[in-house]
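Structure record follows, encoded as structure tokens.
Naming convention: chains lettered A, B, ... in sequence-line order (proteins, then strands); numbering from 1 in each chain. When reading the values below, keep in mind they use all heavy atoms of this one structure, side chains included, and skip hydrogens, waters and symmetry mates.
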2 protein chains.
Amino acid sequence: MSLAFVILGLLQQQQRTGYGLKTECFDDCIAHLWQADQAQIYRTLDKLEAQGFVTCTVEIQHDRPNRKIYTLTEAGTAAFTQWLQTHHPSPTLREPLLVQLHFAAQLSDVAIAHLLEQELEARQEKLAACEALQNMAPAESNLSPDDLSSLRGQTMQRLVLELMIQREKVYLDWLQTAIATIQPKSESKD
Amino acid sequence: MSLAFVILGLLQQQQRTGYGLKTECFDDCIAHLWQADQAQIYRTLDKLEAQGFVTCTVEIQHDRPNRKIYTLTEAGTAAFTQWLQTHHPSPTLREPLLVQLHFAAQLSDVAIAHLLEQELEARQEKLAACEALQNMAPAESNLSPDDLSSLRGQTMQRLVLELMIQREKVYLDWLQTAIATIQPKSESKD
DNA sequence: GTCCTATATATGTCTAGTCCTATAGTAACA
DNA sequence: TGTTACTATAGGACTAGACATATATAGGAC
């Protein structure tokens with residue numbers, strides 16, 4: 001379960017609550033890297049606590065629900081460092097659209113173009129989200145106190161974002177040329 | 001469940017057994033598009049039969065285990081055509097390596113390069129597999145009798161393969177430049 | 001003779017992830 | 001005054017997929 005290690009990585013930066021992990025991390029700065037469900041985050045935190053990788057202190061609040069603040073233990077740090085250094089194969093990718101295109105011989109050009117255009121739209125949004133993150137990134141990292149390692153961190157994070165943006169652009173290009181290939185003459189219609 | 005529709009698409013081409021689907025399709029011509037587990041194929045066939053999308057005739061064999069030959073029904077064809085035309089969002093991609101790089105500030109250059117190199121190797125294999133399919137594709141499709149729609153089908157399948165190959169190449173390029181970025185001076189060491 | 005592979009179907013179990021709902025107080029909004 | 005949103009944790013139910021194993025026969029390799 002890689003999610004467990006993502007959480008360890010986030011807790012290494014600072015102690016957090018489940019809610020904080022969800023709203024400040026998984027929905028925000030690493031949304032492009034690892035989307036995570038709230039329920040799964042809480043359940044994973046329970047497991048990590050049982051394993052002794054994190055400890056939990058309850059902060060009693062009266063105007064709001066109590067918070068469970070999770071902190072990384074030494075065992076947790078060790079496990080994370082170990083994970084960080086070992087290769088984990090990427091999961092097999094299964095894209096319905098590509099299967100649809102594979103079987104698309106029986107579809108009309110219009111139907112195929114429609115599928116491609118819907119994907120195009122979805123991917124333009126994803127690209128925009130990545131580019132937004134890229135613009136936001138420098139501002140956010142000003143806070144970091146340790147300059148030596150934070151520079152390395154920034155470089156790596158920029159590299160990762162660049163890959164994601166490049167990929168999206170390649171896909172968008174392909175989608176556009178595919179649409180053009182399918183509708184060579186037609187001027188447009190809607 | 002997209003697997004169900006992949007199976008319907010394959011059965012539309014010709015009737016097949018579960019074993020045939022696995023060995024001749026999922027492990028072969030559409031291995032790049034949709035990897036599927038044998039157990040899952042059989043269970044999905046059961047469901048499709050229960051739904052009335054396929055029918056099953058048992059062919060008794062004496063020297064070998066009996067075969068259950070599945071054929072697409074009209075309802076199955078209709079369901080498949082419907083699925084083929086509607087947009088199905090791509091699943092969220094979660095890549096451990098990118099998370100690792102995101103947190104890689106604390107790792108040494110050597111450790112990071114090692115991670116990248118392992119991914120590079122895995123991806124070179126994937127690219128090779130895709131390129132092998134690309135070279136194989138024309139020969140395989142000679143068998144098709146209906147020339148009109150088979151040409152369309154070939155075009156689409158070529159397009160899909162081109163996308164996958166392009167993607168792999170972009171990723172490989174990025175991996176190589178990332179490795180170069182991390183190890184700017186060092187000549188190598190192992 | 002034994003082991004491995006191919007043909008063929010089927011079941012059990014597990015993990016990761018998604019979605020929905022419950023709880024419960026405060027605060028803003030209309 | 002009712003509704004919605006925010007903070008915060010938690011459990012139930014379900015799906016897709018991965019992995020392991022069982023069964024049974026034939027044939028080739030060693």
Once you round it to whole Å, what is the distance between [atom2] of [N] and [atom1] of [X]?
| X | N | atom1 | atom2 | answer |
| --- | --- | --- | --- | --- |
| B:L48 | C:dT9 | CG | P | 15 Å |
| A:E59 | C:dG25 | CD | C1' | 16 Å |
| A:F26 | C:dG17 | CZ | C1' | 13 Å |
| B:I60 | D:dA24 | CD1 | P | 17 Å |
| B:H62 | D:dT25 | NE2 | C1' | 13 Å |
| A:L93 | D:dA16 | CG | P | 17 Å |
| A:I7 | C:dG17 | CD1 | P | 10 Å |
| B:I69 | C:dT7 | CD1 | C1' | 13 Å |

For [X] and [N], is the shortest distance between a side-chain N/O and OP1 or OP2 below 4.0 Å?
| X | N | value |
| --- | --- | --- |
| B:Q61 | D:dT25 | no |
| B:T17 | C:dT7 | no |
| B:Y19 | C:dT9 | no |
| A:K68 | D:dA10 | yes |
| A:T23 | D:dC6 | no |
| B:R64 | D:dA26 | no |

Discussion item. If you take any heavy atom closer than 4.0 Å to DNA chain C, which residues from residues 31-47 of chain B end up in contact?
Written reply: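 Heavy-atom contacts with DNA chain C come from B:Q38, B:A39, B:Y42, B:R43.
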
Item to complete: Could you check which nucleotide pairs with D:dA29 in any of the strands shown, counting Watson-Crick or G-U wobble with both distances under 3.5 Å?
Response: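 Partner of D:dA29: C:dT2.
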
Fill in: For C:dA27, the Watson-Crick or wobble counterpart (both distances under 3.5 Å)
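Answer to the pairing question: D:dT4, which forms a Watson-Crick or G-U pair with C:dA27.
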
Worksheet item: Can you find a heavy atom in the side chain of B:L120 that is under 4.5 Å from one in the side chain of B:L172?
Response: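 B:L120 reaches B:L172 side chain to side chain.
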
Worksheet item: Looking only at atom types and distance, does a side-chain atom of A:H88 sit under 3.5 Å from a main-chain N or O of A:W83, one as donor and one as acceptor?
Response: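 Yes.
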
Practice prompt. Say whether, by atom type as modelled, one donor and one acceptor occur between the side chain of A:R94 and the main chain of A:V99 under 3.5 angstrom.
Written response: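 No: the side chain of A:R94 does not pair with the backbone of A:V99.
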
Worksheet item: Pick from B:D27, B:D28, B:D37: which one makes a salt bridge (charged side-chain N to carboxylate O under 4.0 Å, His left out) with B:K22?
Response: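 Looking at B:D27, B:D28, B:D37, the match for B:K22 under the salt bridge (charged side-chain N to carboxylate O under 4.0 Å, His left out) is B:D27.
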
Name every donor-acceptor pair, under 3.5 Å, that has one atom in a side chain of residues 50-59 of chain A and the other anywhere in the protein, sequence neighbours excluded.
none

Worksheet item: Where do A:A36 and A:L3 come nearest, in terms of heavy atoms and distance?
Response: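 Residues A:A36 and A:L3, closest heavy atoms: CB-CD1, 3.8 Å.
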
Worksheet item: If every non-hydrogen atom of A:W174 is compared with every non-hydrogen atom of A:L101, which pair is closest and at what distance?
Response: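 The answer is CH2-CD1, 3.6 Å.
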
Worksheet item: Can a salt bridge be assigned to the pair B:D173 and B:R123 using a cut-off of 4.0 Å between side-chain N and carboxylate O?
Response: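 Salt bridge: no.
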
Worksheet item: Contact class for A:S2 (heavy atom, under 4.0 Å): base, sugar-phosphate, or nothing?
Response: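 No contact.
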
Worksheet entry | Residue whose nearest DNA chain C nucleotide is more 5′ - B:N66 or B:R94 |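 It is B:N66 whose nearest nucleotide is closer to the 5' end.
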
